[in-house]
Novice: 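The structure follows.
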Amino acid sequence: QVELEETGGGMAQAGGSLRLSCKASGAIHTIGDMAWFRQAPGRQRELVASINRDEHAIYEDSVRGRFTISRSNFDQTVALQMTNLNPEDTAVYYCMVKHIDLMSYVHDFWGRGTQVTVSS
């Protein structure tokens, strides 16, 4: 199975920056789309940004222009550079990857989540 390890979460002040990184390991055949989700208290989990193997990225409206998602197909990592953070960005951030197995079936794998807390 595929295991995801997230790093870079923590605390930041409003206007500050954080960089999240997620590395996939384990029984990997091919990794397709990679993404970051987040879930704030009392809110549903939402897609923050996603990126495909051709590095086409999609962003949630509130983070577009502030966050940048990137990936390395060689290192099998996905990163989220977050700038100009505001308290509304406070959430648990989850890494997600789509794994394509030997039978060409696609399975979603999730990281444990990392807390991002932005203070005023």
Side-chain angles (χ1 to χ4, degrees):
Q1 62 184 35
V2 177
E3 182 176 343
L4 304 178
E5 181 178 2
E6 299 142 325
T7 60
M11 293 176 284
Q13 293 181 317
S17 300
L18 287 172
R19 185 178 186 272
L20 306 181
S21 184
C22 173
K23 182 175 178 61
S25 61
I28 297 172
H29 177 48
T30 303
I31 292 177
D33 292 354
M34 308 180 80
W36 289 95
F37 289 74
R38 67 185 180 187
Q39 188 166 22
R43 306 282 296 277
Q44 291 187 320
R45 186 173 298 187
E46 66 177 356
L47 175 68
V48 179
S50 66
I51 185 167
N52 68 14
R53 289 183 59 83
D54 294 324
E55 301 192 16
H56 173 73
I58 296 172
Y59 295 94
E60 194 272 329
D61 288 344
S62 70
V63 310
R64 188 176 297 109
R66 299 189 298 122
F67 293 5
T68 301
I69 189 170
S70 61
R71 68 182 289 162
S72 170
N73 292 333
F74 177 78
D75 292 335
Q76 301 179 126
T77 59
V78 59
L80 186 69
Q81 179 66 51
M82 305 184 293
T83 63
N84 195 24
L85 288 162
N86 61 62
E88 288 70 41
D89 296 317
T90 295
V92 178
Y93 284 69
Y94 298 90
C95 175
M96 189 276 287
V97 304
K98 291 185 176 292
H99 179 245
I100 305 166
D101 66 19
L102 290 170
M103 300 298 293
S104 297
Y105 292 127
V106 181
H107 306 269
D108 293 344
F109 287 86
W110 294 84
R112 291 286 191 179
T114 184
Q115 178 70 48
V116 171
T117 302
V118 184
S119 61
S120 302

Novice: Rounded at 0.5 Å granularity, tell me how far CD in Glu6 sits from OH in Tyr94.
Specialist: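 The CD atom of Glu6 sits 8.5 Å away from the OH atom of Tyr94.
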Novice: Can you list, pair by pair, the side-chain donor-acceptor contacts under 3.5 Å of residues 17-25, counting residues two or more places apart and other chains?
Specialist:
| residue | atom | partner | partner atom | Å |
| --- | --- | --- | --- | --- |
| Lys23 | NZ | Asp75 | O | 2.8 |

Novice: Answer yes if Ile100 and Ile28 sit in the same cluster of Ile, Leu, Val, Met, Phe, Trp and Tyr residues linked by side chain heavy atoms under 4.5 Å apart, and no otherwise.
Specialist: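 No: no chain of side-chain contacts under 4.5 Å links Ile100 to Ile28.
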Novice: Measuring from Ile58:CD1 to Ile69:CD1, what's the distance to the nearest 0.5 Å?
Specialist: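 Rounded to the nearest 0.5 Å, the CD1-CD1 separation comes to 10.0 Å.
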Novice: With hydrophobic residues grouped by side-chain heavy-atom distances under 4.5 Å, do Met82 and Phe37 end up in a single group?
Specialist: no
Novice: Between Val78 and Ser70, is there a side-chain heavy-atom distance shorter than 4.5 Å?
Specialist: no
Novice: Just to verify, what does Asp101 make a side chain to side chain donor-acceptor pair (under 3.5 Å) with, not counting sequence neighbours?
Specialist: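 Once residues adjacent in sequence are excluded, the partners of Asp101 under the side chain to side chain donor-acceptor pair (under 3.5 Å) criterion are His107.
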Novice: Identify the heavy atoms of Arg66 and Thr83 that sit nearest to each other, and give their distance.
Specialist: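 Shortest heavy-atom contact: O-OG1, 2.6 Å.
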Novice: Report yes or no: does Arg71 contribute a side-chain atom to a donor-acceptor pair with the main-chain N or O of Gln76 at less than 3.5 Å?
Specialist: no
Novice: Measure across Val97 and Val2 and return the closest heavy-atom pair with its distance rounded to 0.1 Å.
Specialist: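 Of all heavy-atom pairs spanning Val97 and Val2, the closest is CG2-CG1, 4.4 Å.
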Novice: Enumerate, atom names and distances included, each donor-acceptor pair closer than 3.5 Å involving a side-chain atom of residues 108-120, sequence neighbours excluded.
Specialist:
| residue | atom | partner | partner atom | Å |
| --- | --- | --- | --- | --- |
| Asp108 | OD1 | Lys98 | NZ | 3.0 |
| Gln115 | NE2 | Ala91 | O | 3.4 |
| Gln115 | NE2 | Thr117 | OG1 | 3.3 |

Novice: Test your reading of the model: is there a side-chain donor-acceptor pair from Arg53 to the backbone of Asn73, 3.5 Å cut-off?
Specialist: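 The answer is no, because no donor-acceptor pair under 3.5 Å joins these two groups.
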Novice: Return the set of residues passing salt bridge (charged side-chain N to carboxylate O under 4.0 Å, His left out) with Asp61 (not counting sequence neighbours), or none when no residue passes.
Specialist: Arg64
Novice: So which pairs with a foot in residues 26-50 pass side chain to side chain donor-acceptor pair (under 3.5 Å), sequence neighbours left out?
Specialist: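 Counting only pairs at least two positions apart or across chains, the side chain to side chain donor-acceptor pair (under 3.5 Å) contacts touching residues 26-50 are Arg38-Glu46, Arg38-Ser62, Arg38-Asp89, Arg38-Tyr93.
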Novice: Which pairs, with at least one residue in residues 49-89 and sequence neighbours excluded, count as a ring pair (Phe, Tyr, Trp, His ring centres under 6.0 Å)?
Specialist: none
Novice: Work out which heavy atom in Met34 is nearest to a heavy atom in Ile31; give both atom names and the distance.
Specialist: CG-CG2, 3.8 Å
